[in-house]
Amino acid sequence: MTKQDFSVFPKTLKNGTTVFYYTTYDEHNKRRQFSTGKRSKTAAIKFCLERMKKGLLVPTSSLLFSEYAKDFYDYERSTYIKGKLQRGFSYSHSSADSKNRFIRNKAIPFFEGKTMSTIAPKDIEAFIISLKDAGLTNTTTNKALKDLKVIFHEALKRGDITADPTAQIQPFKNDTREKGIFSVAEIERLFCGKDTVETVWEGKREMYLLNLLAVRTGMRLGELQALQVRDIMADHIIIRHSYDCNYGIKETKTGTERIVPVKEELLGELKSLCWSRNADAFVFSHTDGKTPVRRTGIYKSFRTSLGRIGITEEERKRRNITFHSYRHTFASILANRNAPELYIRTLTGHSSLKMLHHYTHIQPEMLAGFIGE
């Protein structure tokens, strides 16, 4: 270059954050400006020097999408995920794996041979239309678009591209079916009969208690699997973890712990279920606490028991009732009792009011019934 290779300077963004940018000159001797994404001058200079060594001080058309994106969501290699974790955010292995599969199996083949700087909005639009043509739902396609937007947004922030081709791409109208919930009468048939464990749950007391705890606390399935003996207190349980079949114990979805009150009778039954196990043993387990019960077994028992109270497989699908319906039912009953939203969020571990509203269904008949009484 005929002029100084680069110079760095601080720039205050709209959100109040100060980030260092750098200026340099392209092959036409035109002055260009890019972000380093760094908050200190020392880190910014180091960033520029590293880019100089790679010949990337001025982003060029040689930066292939396939190379840029292949490890973007790889949990062990991703600088993006590393940055999130260093800033105190949580990022699950399973989420990273899902996004990584999408990028490698769908996005990279579609954009084969294209460079980051030559991918235009029309290319992004063509890609998401191809996903729809392949039979993906609007909701799934929107998730894919969101994952792609993150990649290009980060590339723009790091100065690897000068324009984000995903910025103006609009998502599809969400077509997620509303999750079905149980009526009070159905909950009573599932859990409140004299011989319910035998007649509805085929004598499987452990499955009966797992499902009962789900509807009385709104716990996620992974949280129920991860429940350990040490988490059962005198008048409540502590939800500390979730469970992933591939990675084992992990943080809860929101990365926080929460306390949920549980009636003394149910706590007593839970304690008797695992009375001989040590503190770190799993409560719901077919291996004496060494490993939690498998999801496949939980789902099978769940569907069988629904059939025994008259909810056929056809009706279950029509109403969109799944194990997660317990969580929606729990939140809805609290909402119908006019419980404060903050109270409901505290119990269910929802991170936002928007998500809580997605879970609650106002049904007048619920006002007359109270689970567990």
Side-chain angles (χ1 to χ4, degrees), residues 136-140 143 174-193 195-227 239 242-243 245 253 260 266 284 292-337 339 344-345 347-350 354-373:
L136 271 64
T137 64
N138 288 1
T139 301
T140 303
K143 289 179 180 178
N174 201 314
D175 58 1
T176 300
R177 289 179 62 197
E178 186 175 89
K179 189 70 67 179
I181 62 173
F182 295 99
S183 67
V184 172
E186 288 168 339
I187 293 299
E188 290 177 345
R189 290 201 296 274
L190 278 170
F191 302 109
C192 300
D195 301 314
T196 299
V197 176
E198 298 297 329
T199 60
V200 176
W201 296 94
E202 302 179 299
K204 300 175 181 177
R205 181 165 169 263
E206 185 172 49
M207 288 298 179
Y208 163 80
L209 291 175
L210 184 149
N211 283 263
L212 178 59
L213 189 61
V215 78
R216 286 195 179 179
T217 63
M219 291 174 67
R220 301 176 177 92
L221 180 51
E223 294 170 345
L224 289 159
Q225 288 180 289
L227 191 67
I239 302 173
S242 186
Y243 185 83
C245 62
K253 189 172 182 179
V260 179
L266 178 53
F284 301 109
V293 290
R294 295 183 177 182
R295 289 195 173 215
T296 52
I298 295 172
Y299 290 145
K300 182 179 179 180
S301 180
F302 172 75
R303 290 192 292 267
T304 299
S305 296
L306 292 190
R308 286 174 171 261
I309 67 165
I311 301 178
T312 64
E313 186 66 7
E314 180 181 2
E315 181 182 352
R316 186 188 70 77
K317 291 180 179 179
R318 177 179 59 78
R319 291 171 56 186
N320 197 25
I321 292 177
T322 67
F323 189 92
H324 209 65
S325 293
Y326 286 138
R327 186 165 165 79
H328 284 254
T329 301
F330 174 77
S332 297
I333 287 178
L334 291 179
N336 276 282
R337 295 180 189 175
I344 303 176
R345 285 175 60 194
L347 291 177
T348 59
H350 282 112
K354 180 180 179 181
M355 183 56 69
L356 177 60
H357 292 160
H358 170 68
Y359 271 71
T360 53
H361 312 253
I362 304 300
Q363 293 195 352
E365 65 97 11
M366 279 189 169
L367 295 171
F370 294 86
I371 293 178
E373 292 193 349

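- Without hydrogens or angle criteria, Q225 side chain to V293 main chain gives a donor-acceptor distance under 3.5 Å.
- Residues forming a side chain to side chain donor-acceptor pair (under 3.5 Å) with T322 (at least two apart in sequence, or on another chain): K179.
- T312 is linked by a side chain to side chain donor-acceptor pair (under 3.5 Å) to nothing, counting only residues two or more places apart in sequence or in another chain.
- A pairwise comparison of heavy atoms in V215 and F330 identifies O-CD1, 3.4 Å as the closest pair.
- Side-chain atoms of T329 never come within 3.5 Å of backbone atoms of I181 as a donor-acceptor pair (strictly under, hydrogens ignored).
- The closest donor-acceptor contact from the side chain of D175 to the backbone of N138 lies under 3.5 Å.
- Scanning all heavy atoms of the two residues, the minimum distance from L213 to T217 falls at O-OG1, 2.5 Å.
- Rounding to the nearest 0.5 Å places OG of S305 at 8.0 Å from CZ of F191.
- When the ring pair (Phe, Tyr, Trp, His ring centres under 6.0 Å) test is applied to F284, no partner is found at least two apart in sequence or on another chain.
- Taking CD1 of I321 as the start and CD of E315 as the end, the distance is 6.5 Å to the nearest 0.5 Å.
- For Y243 (side chain) and L224 (main-chain N/O), no donor-acceptor pair under 3.5 Å exists by modelled atom type.
- Separation of atoms CG (L266) and CZ (R216) is listed at 5.5 Å; rounding is to 0.5 Å.
- Legend: residues meeting salt bridge (Lys or Arg N to Asp or Glu O under 4.0 Å) with E313, ordered by chain and number and at least two apart, are R316.
- The distance from atom CD1 of I311 to atom CZ of F302, rounded to the nearest 0.5 Å, is 7.5 Å.
- Side chain of R327 to main chain of G218: a donor-acceptor pair is present (N/O by atom type, distance under 3.5 Å, no hydrogens or angles).
- The distance from the NZ atom of K300 to the CE atom of M207 is 10.0 Å, given to the nearest 0.5 Å.
- Scored by the side chain to side chain donor-acceptor pair (under 3.5 Å) test, N320 finds no partners at all (sequence neighbours excluded).
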Extract all donor-acceptor atom pairs below 3.5 Å that involve side chains of residues 199-206 and protein atoms in other chains or at least two apart in sequence.
{"from": "T199", "atom 1": "OG1", "to": "D195", "atom 2": "O", "distance (Å)": "2.9"}
{"from": "W201", "atom 1": "NE1", "to": "L190", "atom 2": "O", "distance (Å)": "2.9"}
{"from": "E202", "atom 1": "OE2", "to": "R308", "atom 2": "NH2", "distance (Å)": "3.4"}
{"from": "R205", "atom 1": "NH2", "to": "E269", "atom 2": "O", "distance (Å)": "3.3"}
{"from": "R205", "atom 1": "NH2", "to": "S272", "atom 2": "OG", "distance (Å)": "2.7"}
{"from": "E206", "atom 1": "OE1", "to": "H286", "atom 2": "NE2", "distance (Å)": "3.0"}
{"from": "E206", "atom 1": "OE2", "to": "S285", "atom 2": "N", "distance (Å)": "2.6"}

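- Taking each heavy atom of N211 and Y326 in turn, the nearest pair found is OD1-OH, 2.9 Å.
- Proximity of L209 to V197: side-chain heavy atoms (C-beta onward) are nowhere separated by under 4.5 Å.
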